[in-house]
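Okay, so here's the structure we're looking at.
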Amino acid sequence: MTISRADLAIDTGKIVDDLNDKGIVCIERFFSRDWLSHAQQDVRSAIERHGEKYFSVVLPGNAKGTAASELIRDERLRALLRSVTEAVCEQPNAEEIYNVLRVIAGPDGSKGSLEFHYDASVISALAPVFMPEHSENSGALVTFANRRPLRRFVLANVIEKIIMQNRFYRQRQARVVYSDPDKFTQYLVPGNLYLFWGYRTFHGNLPCAPHSLRATILLHYGNPHGNSILLKGIRAARRLVEAVRRRKSE
Ligand SMILES: O=C(O)CCC(=O)C(=O)O
Ligand SMILES: [Fe+2]
């Protein structure tokens, strides 16, 4: 199955410029209708397995025949992620595309919201699969674009994490967002593909109304910290912590 529209022209140089200048790039109607309805079916069956609540599936692309596996194997999308990453990072040391399916459903639509963070990857791509009707509580994506540089050293990140990824700082940032929502939020439309420098952009999502359905597939590509055995170990540990965090917040 082709995941993207055949007639779509992709200008990587322009995308890189826009990522640097505007922070977030939307490629409208990137996905084919077939791919989107496949992804929607996958989300529905994931909800049957997990229940109507907030949950994440780590590496859904490892399961054969899923829409996520089509995504991460798609040559066009892979080439896009590779070339934008290489434009800003000489040695992206990329492994495979790290992918996550994230679902907000059930009575508590605010679960997982306002949890602002930086991603570990150079580029993050977001495919919205289901989005609530456009309103104040429709889980818009929040981005504080390009707030930090790509760094080679991990220690600065650890310190920054302590300062920025805690409840108080996040609450403060939430107030900043609500003071000027147009500046920091982006309503997401299923079928579009959104790109931002995940490593450099402090981001998260606004809450959803109770009993909303919001589902996104996240793709993460490119590792700015090199690829020594030590760093591989740190990354593996980080993913474990991340998986536990995701489980806990379910
Ligand atoms: O679902 C979203 O809109 C963003 C989630 C996110 O940033 C992440 O899982 O790393
Ligand atoms: Fe993220």
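In listed order, ligands and their atoms are each counted from 1. From a predicted model like this one, the values you see are computed outputs, not experimental measurements.
- Between the side chain of W197 and the backbone N or O of A145 there is no donor-acceptor pair closer than 3.5 Å.
- Of all the atoms in ligand 1, the ones that sit under 4.0 Å from a non-hydrogen atom of L141 are 3 (O).
- Atoms of ligand 1 found under 4.0 Å from any heavy atom of T216, numbered from 1 in the order shown, are 1 (O), 2 (C).
- If you look at V100 next to ligand 1, there are no close heavy atoms at all, none under 4.0 Å.
- Remark: at the Fe ion (ligand 2), atom OD1 from D119 and atom NE2 from H203 enclose 100°, rounded to the nearest 10 degrees.
- Nearest-heavy-atom check against atom 3 (O) of ligand 1 across R214, R102, E115 picks out R214.
- In this structure a side-chain-to-backbone donor-acceptor pair under 3.5 Å is missing from T66 to N62.
- With salt bridges taken as basic N to acidic carboxylate O contacts below 4.0 Å, none links R73 and E96.
- Listed here is the closest heavy atom pair of N192 and F31: O-CE1, 3.7 Å.
- Closest approach of I104 and G109 over heavy atoms only: CG2-O, 3.7 Å.
- Every atom of ligand 1 is numbered from 1 in the order shown, and the set under 4.0 Å from a heavy atom of H203 is 7 (O).
- Not a single N/O/S atom of H220, whether from backbone or side chain, sits less than 2.8 Å from the Fe ion (ligand 2).
- Using cut-offs of 30° and 60° on the angle between ring planes, the pair F202 and Y118 is tilted.
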